[in-house]
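This report concerns only the one structure given below.
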Amino acid sequence: IKKYNMITTRRRVTFNLSNFITELSVCLEGRPEEIDDVVQTYKDFLSHISDELRVKVMAYMDERPEVKSNNVLKSYISACYK
């Protein structure tokens, strides 16, 4: 019987919130067919972070000037939290 040692590695995933807001804004202005994919990347990011960090990210996003001034953008972002 052969036994193999399992090597566990962790991958660092980076997600740029500013780039996400920009990309979503561009999609809302002229590329509606890409909205679902862009929103899904944010949902995926949220699903891979701790609850503590998720609360901080949500608060940060709610305070972004681009989000505060654009109700459509805000609605798409808020929908990711449900």
Side-chain angles (χ1 to χ4, degrees):
I1 299 175
K2 290 183 179 180
K3 291 186 178 181
Y4 296 95
N5 291 334
M6 297 297 290
I7 298 172
T8 304
T9 58
R10 289 185 179 236
R11 245 181 66 191
R12 182 178 176 163
V13 177
T14 59
F15 187 84
N16 188 308
L17 295 171
S18 293
N19 288 349
F20 164 71
I21 291 172
T22 301
E23 188 67 22
L24 183 56
S25 296
V26 169
C27 288
L28 292 172
E29 292 173 6
R31 297 186 341 226
E33 68 279 359
E34 296 178 26
I35 292 173
D36 288 342
D37 290 338
V38 172
V39 168
Q40 189 60 50
T41 61
Y42 186 54
K43 286 181 176 181
D44 291 344
F45 165 71
L46 291 173
S47 73
H48 288 92
I49 59 177
S50 68
D51 291 338
E52 180 183 345
L53 184 55
R54 188 176 303 109
V55 169
K56 291 177 181 179
V57 167
M58 291 165 54
Y60 171 79
M61 293 295 274
D62 287 344
E63 292 302 314
R64 291 291 301 245
E66 308 94 311
V67 177
K68 283 178 132 180
S69 66
N70 186 330
N71 287 333
V72 176
L73 182 63
K74 186 174 187 170
S75 70
Y76 275 96
I77 293 171
S78 296
C80 295
Y81 305 144
K82 297 179 177 91

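In what follows, every heavy atom counts, from backbone to side chain, and hydrogens, waters and symmetry copies are set aside. One-based numbering along the sequence shown.
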Arg31 side chain vs Val26 backbone, donor-acceptor pair below 3.5 Å: no
Worked verdict on Glu66 versus Lys74 for salt bridge (charged side-chain N to carboxylate O under 4.0 Å, His left out): CA-CA 9 Å; Glu66 308 94 311; Lys74 186 174 187 170; over 6 Å; no
Minimum side-chain heavy-atom gap Ile49-Phe15 below 4.5 Å: no
Distance-minimising heavy-atom pair for Asn70 and Val72: OD1-N, 3.1 Å
Distance (rounded to the nearest 0.5 Å) between Cys80 SG and Leu24 CG: 8.0 Å
Greater than 12 external heavy atoms within 6.0 Å of Glu52's CD: no
Minimum side-chain heavy-atom gap Val57-Tyr42 below 4.5 Å: yes
Interatomic distance, Ser25 atom OG to Phe20 atom CZ [nearest 0.5 angstrom]: 9.0 Å
Other residues, nucleotides, ligands: >12 heavy atoms within 6.0 Å of Tyr76 OH: no
Side chain to side chain donor-acceptor pair (under 3.5 Å) between Gln40 and Asp36, intermediate numbers included: CA-CA 6 Å; Gln40 189 60 50; Asp36 288 342; over 6 Å; no
Hphob cluster co-occupancy, Met61 + Val55, side-chain heavy atoms under 4.5 angstrom: no
CD1 on Ile21 to CD1 on Ile77, rounded to 0.5 Å: 5.0 Å
CD-CG distance between Glu23 and Asp37, expressed to the nearest 0.5 angstrom: 10.0 Å
Side chains of Arg64 and Ser18, donor plus acceptor under 3.5 Å: yes
